[in-house]
Protein chains: 2
Amino acid sequence: MEVDHRIRVSDGDGETTAGQGGVVGVFFARCWLRLRSVLVGLWCWVAGFARKVGRIAREDPRRVAHSLKVGLALTLVSVFYYVTPLFKGFGVSTLWAVLTVVVVMEYTVGGTLSKGLNRAFATLVAGFIAVGAHQVANRCGAQGEPILLAIFVFLLASAATFSRFIPEIKARYDYGVTIFILTFSLVAVSSYRVEELIQLAHQRFSTIVIGVLTCLCTTIFVFPVWAGEDLHKLTAGNLDKLAQFLQGLESECFGEKAAGENLEGKAFLQVYKSVLNSKASEDSLCNFAKWEPGHGKFGFRHPWSQYQKLGALCRQCASSMEALASYVITLQKSQYPEANPELTLKVRTACGEMSSHSAKALKELSTAIRTMIIPSPANITMSAAIKAAKDLRNELSEEAALLQVMHVAVTATLLSDLVTTIVKIAETADNLARLGHFKNPEKTQKDVAINIPSR
Amino acid sequence: MEVDHRIRVSDGDGETTAGQGGVVGVFFARCWLRLRSVLVGLWCWVAGFARKVGRIAREDPRRVAHSLKVGLALTLVSVFYYVTPLFKGFGVSTLWAVLTVVVVMEYTVGGTLSKGLNRAFATLVAGFIAVGAHQVANRCGAQGEPILLAIFVFLLASAATFSRFIPEIKARYDYGVTIFILTFSLVAVSSYRVEELIQLAHQRFSTIVIGVLTCLCTTIFVFPVWAGEDLHKLTAGNLDKLAQFLQGLESECFGEKAAGENLEGKAFLQVYKSVLNSKASEDSLCNFAKWEPGHGKFGFRHPWSQYQKLGALCRQCASSMEALASYVITLQKSQYPEANPELTLKVRTACGEMSSHSAKALKELSTAIRTMIIPSPANITMSAAIKAAKDLRNELSEEAALLQVMHVAVTATLLSDLVTTIVKIAETADNLARLGHFKNPEKTQKDVAINIPSR
């Protein structure tokens, strides 16, 4: 809007001078102003982009370190090409070291190790098999050789590609299988024209090993980023977030200072959300951590899969918290007359105790994990929370009628929550139908109505 | 265990004959029996593996088709190498076509398109920049050239690597940036020794384009797997699963035929779980779908992001269902005397109506999405569920005392659910501490106790 405005104003200016000056002056003035507005727009975009880049760098300075490490590894490996004696040893194959560095270098040590070892071993195995295939094909004469080679490539590539659908292979050796197909095809295909196949294979393997070693040295010795350490911190952080939610609940809803104000938009009611979406990064970190050697406080066979179990439970907690959060908000909104103040007070006190003790237990666990000290003998804190829950149940069970109604009522409340979400789903589906040009049901409605199973 | 048993039995057999025979006979007998047990074990493993492979293939036959397609594409592209006239045109660069096919070929059309276009454009751009860098470095003499080239490689590789941390670039151009670094380094580094740089760059680019085109033709024209279609089906399937849960709830808990049996382990109480974990595959399918051209019922600018919105809501539903499922199980277990049968019946009826109408609405939506027909005018079915929820609320609000207690009680119940999960978390953390050799807190306990914030 600002830009448009400028142009219009300046057009007016231009014409007043143009009355005396000339058409050329107006033209240049217009061009200049238009150019200036484009430049201003470009400048705003660049400034915004720079701010964003700065924010990303400040959020985690290890990202900058990683970028410089990639540059360093590439420069180191390219030295092989520039220095004549080294070049003579390996020839054009040196380029494979550059290629390896670019493809293998990952953010974490575990990632680099997993890709590097996969690459090196897959190249070795595929190279041997390919040389064998070449020997077999070679005996079939000039006519048969390319046909036989093509058949070998087809069969091995198909089989190897299929093996990537097996979950165990997919999880740990996906990259290795790709490199296996790659190396086998390259060696088998080029064996048709290259004379000194063994020498070529040897050169290529050596340069790949050089590339992998360069990557490993740079990732391990220059500001290493350990996937295991990140996973460890992520887990402790998730426990902290859950504790934060419960602390907030205690102080804002059940505590003595609870103001009864509107809770919608409170930060503590949002804090569990990132826990819900942590599965993907947790899985990949765990997968990489398994490749890492012992480092710092972590041994080689550190029980990384326990972190995945903890993560699954944390997400289950976060799920319950989602239900609780939406419920707490509606609870605070609807103020009923205090009909049974005694019981309400009892329940509130019990809720407060449950949340504060649970929060404390979670905090303790996260501290125990962070400092790697065995947590205090199981659940002194939790037993208080369990006792509060049990007491409340006993208290209520004296009023059996109430308890029973309550149980049914909880289900009813959760279900009406679901109904609200499903209404939103219906709205989004309507949106999708509109934007995606779904067919109008005029003619087809009858058929569809019959097709809906009404179990 | 079976194998051990056999060996022991056979050892006994061996010794009875050895009394008359000789030491050599015993030795061979043992060897044979040990070998046989190893072979039997191997055979069992192979048979198990074959069954698994068969299951994976039967689950989705498109996987077999994909594997054969990769083999086909590789064989097609290797023809370039075998046929002499074609080979003379491109020389050794033909190998880049093979490399491209292996790396670019993905399961879905969108994946292949995204990788192929990224690769082609990144190669083109990086090639131009690298040739420019070579021209600049060339003017600095034999001494300066490698140094200047190394500086260029370091700067560009660092900058490009950092750009991969920007979420927008990471999401759509991650592979392109890798290829950019790769091509730039390869061309810049090899420019130091190769004479006819432009010709080399041209050959390499052409072969990469040939590789990409081969991939695209095979993925698009031979049994294509469209990411968009998979996303579409996944969304409809998720809606179906949610409906299944609600149907099960209606018939097993609130319906007339509800048997009141133990619900733990019922299939319908598990069905929402896969919905909870669908985010990762949904995101990647959506990302690939955006690259795909129009196909079947889907236009080029089909609103794919709406599917992500639907997915987020579905996961929210599944979250509530998790809370509901654990609640329904405990509810069924604890049988209280029917203290207020009239009210209980009312609530049960309302719950039954809410679930059955919601399930019906979800089924309708999934059918509408699957057939791409606009869903029936918004929420005729849902309005029945909403009405049931409202009626129940009105009914209960006449008994204000009950309603208020109920609200507080729901919170208390959800919280005691949380307490149960947190106890499990504490157990897992204990496991982790034991397996991970955490330190004993004897000396350090005091410090830690002080460090725990007790807000």
Side-chain angles (χ1 to χ4, degrees), chain A residues 63 67 70-71 74-75 78 81-82 98 102 146 150 154 157-158 161-162 165 182 185 189 280 303 306 309-310 313 317 319-320 322-324 331 336 339 347 354 358 365 372-374 385 389 401 404 406-410 413-416 418-419 421-422 425 428-429 432-433 435 438-439 441, chain B residues 63 67 70-71 74-75 78 81-82 98 102 146 150 154 157-158 161-162 165 182 185 189 280 303 306 309-310 313 317 319-320 322-324 331 336 339 347 354 358 365 372-374 385 389 401 404 406-410 413-416 418-419 421-422 425 428-429 432-433 435 438-439 441:
Chain A
R63 290 170 177 167
S67 309
V70 173
L74 264 179
T75 316
S78 63
Y81 202 80
Y82 299 137
V98 176
V102 174
F154 180 81
S158 300
T161 305
F162 187 79
F165 289 112
L182 179 65
S185 319
V189 169
Q306 294 292 322
K309 279 185 199 160
L310 264 180
L313 286 171
C317 254
S319 245
S320 304
E322 188 150 76
L324 201 55
L331 174 64
Y336 300 100
V347 175
M354 279 194 272
S358 300
L365 288 178
M372 294 191 79
I373 291 172
I374 295 176
Q404 191 216 5
M406 199 181 90
H407 268 95
V408 183
V410 174
T413 318
L414 286 174
L415 257 179
S416 49
L418 260 184
V419 169
T421 318
I422 292 170
I425 288 184
T428 317
L432 171 63
L435 295 169
F438 282 20
K439 275 175 285 179
Chain B
R63 290 170 177 166
S67 309
V70 173
L74 265 178
T75 316
S78 62
Y81 201 80
Y82 300 136
V98 175
V102 175
F154 180 81
S158 301
T161 304
F162 187 79
F165 289 112
L182 179 65
S185 318
V189 169
Q306 294 292 321
K309 279 186 198 160
L310 264 179
L313 286 170
C317 255
S319 239
S320 304
E322 188 150 74
L324 200 54
L331 174 64
Y336 302 99
V347 175
M354 280 194 272
S358 299
L365 288 178
M372 293 192 81
I373 291 171
I374 296 176
Q404 193 216 4
M406 200 181 90
H407 268 97
V408 183
V410 174
T413 318
L414 285 174
L415 258 177
S416 49
L418 260 183
V419 169
T421 318
I422 291 170
I425 288 184
T428 316
L432 172 63
L435 295 170
F438 282 20
K439 275 174 287 180

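In the text below, chain A, chain B and the rest are named by the order of the sequence lines, each starting its count at 1.
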*Any idea which of S78(B), P303(B), A157(B), A150(B) has the most non-hydrogen atom pairs under 4.5 angstrom with chain A?*
P303(B)
*Mind checking side chain to side chain donor-acceptor pair (under 3.5 Å) for T161(B) and listing every partner two or more places apart, or none if nothing turns up?*
none
_Among residues at least two apart in sequence or on other chains, which ones pass side chain to side chain donor-acceptor pair (under 3.5 Å) with S319(B)?_
S319(A), E322(A)
_Choice from S185(A), A280(A), A433(A), S67(A) maximising heavy atom contacts with chain B below 4.5 Å_ = S67(A)
_Residue selection (most heavy-atom pairs with chain A, distance under 4.5 Å) from T421(B), T75(B), L432(B)_ = L432(B)
*Look at I425(B), L310(B), L74(B), T428(B) and state which one has the largest set of heavy-atom pairs under 4.5 Å with chain A.*
I425(B)
*Looking only at heavy atoms, what is the nearest atom pair of G71(A) and S158(B), with distance?*
CA-OG, 3.7 Å
*With a 4.5 angstrom heavy-atom cut-off, which part of L365(B) approaches chain A: side chain, backbone, both or neither?*
side chain
